[in-house]
2 protein chains.
Amino acid sequence: MSDTHTSPMKYKTITGKEIAALLHPRPAVLVTCCDLNGAPNVLTVAWHTPLSYNPPLIGISIGLTRYSHNLISQVRQFVVNIVGISSIEALKNCGQYTGALDDKTSLSGLTLKAAHKVKPPLISAALGYLECQVEQEVDAGDHTFFIGRVMLAQAAETAFSNMWVSLIGDVPLCLQRDRFGVYKDFIRND
Amino acid sequence: MSDTHTSPMKYKTITGKEIAALLHPRPAVLVTCCDLNGAPNVLTVAWHTPLSYNPPLIGISIGLTRYSHNLISQVRQFVVNIVGISSIEALKNCGQYTGALDDKTSLSGLTLKAAHKVKPPLISAALGYLECQVEQEVDAGDHTFFIGRVMLAQAAETAFSNMWVSLIGDVPLCLQRDRFGVYKDFIRND
């Protein structure tokens, strides 16, 4: 199946911020965190990955200048909220505005509720969430990679059955630059 | 746009290997590495993320028991090859077989070629690739998270223009459990 191209492809060198775009599209999630008094903040994050099955570890890369960066560093807890198309306005807003200036949760019409194992809140409309305790902070250039142990993972019964399904018409969104899309099962292109 | 669900969703707790599936679908890439003599190996990887713009850093999480784990640890270089539908057989094979027993490159019909900045090879059919030098190995449970500095990034001229486009009918594949899919631009569901 491979190497079906009859003539060699021509390549161009990619530099700067475009390098990261080679690893997109990626699921866009809303990370919730809070300050030491419990005041919440929300940030759109696409730079995340599972890391380990046992113990269950995941990682998120957060820019050093982001307001959420200091909150997560101080409180050492965060929640990854997997949201769907119904939360697209929040995904857009929480990537563009800074929590230091705006109340992004009201800005985006988000409803929050208490988490089970950690201090940062859950997003009520989330299809699923991962409540995380920071185990390690890794310096990564202009970002910090926060490694979190998953203390509790939950998913909407109708939306997740071993993998995401689209029974309720709401599926996780993938981000590619400033465009949002959805995953479609592979259809063989022959 | 948020919280359009009229009744609260019912959640179930997700445990074990299914926790990672909450962060899928993810682009499935082929990571090439080699031993100290230059003998290549290929591994399908979906647990990866950009980490930093400047310097350009990315990370991949590799299971401790994978043959490629030791190769990357020894040689401290790897290449992330972004491949498309034409390489789906390789993506399937290189996630299931171990390089310690099989020659996965011939198994998958992959053609390799020399990289520019690192020892591990490129996959000729790749839509793009990131040649990486390991900067840091981070212990992450049953995996190691390898942080790589991107020494060279290239993309096929016809396939990438600020983001992935589908001009040539070959686009990066996303993996959700054992199913492959493609990204579709968002169509508002109302």
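Here the structure is a predicted model, which is why all the values come from computation and not from measurement.
Minimum heavy-atom separation, Y11(B) to Q154(A): CB-OE1, 3.8 Å. What you find for R26(B) and R26(A) is that their closest heavy atoms are NH2-NH2, 2.9 Å.
Taking hydrophobic clusters as Ile, Leu, Val, Met, Phe, Trp and Tyr residues chained together by side-chain heavy-atom distances below 4.5 Å, F145(B) does not share a cluster with V45(A). The cluster map of Ile, Leu, Val, Met, Phe, Trp and Tyr, joined by side-chain heavy atoms under 4.5 Å apart, puts V138(A) and I60(B) in different clusters. When the side chains of ILVMFWY residues are joined at heavy-atom separations under 4.5 Å, either directly or via intervening members, I147(A) and I147(B) end up in a single hydrophobic cluster. Connection of V118(B) to V31(B) is established within a shared hydrophobic cluster, with ILVMFWY side chains joined at heavy-atom distances below 4.5 Å, either directly or through further cluster members. A single hydrophobic cluster is seen to contain both L122(B) and L43(B), as judged by linkage of ILVMFWY side chains at heavy-atom distances under 4.5 Å, directly or through other members.
The 12-atom threshold is exceeded at NZ of K113(A), counting heavy atoms of other residues, nucleotides or ligands nearer than 6.0 Å. Other residues, nucleotides and ligands place no more than 12 heavy atoms under 6.0 Å from the NZ atom of K117(A).
Applying the side-chain hydrogen bond (donor to acceptor under 3.5 Å, both in side chains) definition to pairs two or more places apart or across chains, those involving residues 31-40 of chain A are T32(A)-N81(A).
Of the residues considered (L64(A), L130(A), I58(A), T15(A)), L130(A) shows the highest number of contacts with chain B, using heavy-atom pairs under 4.5 Å. Here K12(B) is the residue among H143(B), Q136(B), K10(B), K12(B) with the most heavy-atom pairs under 4.5 Å with chain A. By number of non-hydrogen pairs under 4.5 angstrom with chain A, the leading residue of V150(B), T13(B), D142(B) is D142(B). Across S61(A), G141(A), A153(A), the residue that shares the most heavy-atom pairs under 4.5 angstrom with chain B is A153(A). Most heavy-atom pairs under 4.5 Å with chain A: of the set T144(B), I62(B), D139(B), I14(B), this distinction falls to I14(B).
Listed in order of number, the residues of residues 46-55 of chain A that approach chain B to under 4.5 Å between heavy atoms are W47(A), H48(A), T49(A), P50(A), L51(A), S52(A), Y53(A), N54(A), P55(A).
A search for side-chain contact (heavy atoms from CB on, under 4.5 Å) contacts involving S73(A) returns E137(A), F146(A), not counting sequence neighbours. Annotation: side-chain contact (heavy atoms from CB on, under 4.5 Å) contacts of E135(B) (sequence neighbours excluded): L57(B), R149(B).
For the pair V80(A)/L22(B), no side-chain contact is recorded, criterion being any heavy-atom separation below 4.5 Å from C-beta on. Between L127(B) and M9(A), some side-chain heavy-atom pair lies under the 4.5 Å cut-off.
Both the backbone and the side chain of L23(B) come within less than 4.5 Å of a heavy atom of chain A.
Once rounded to the nearest 0.5 Å, the distance linking NZ of K17(B) with CG of N162(A) reads 12.0 Å.
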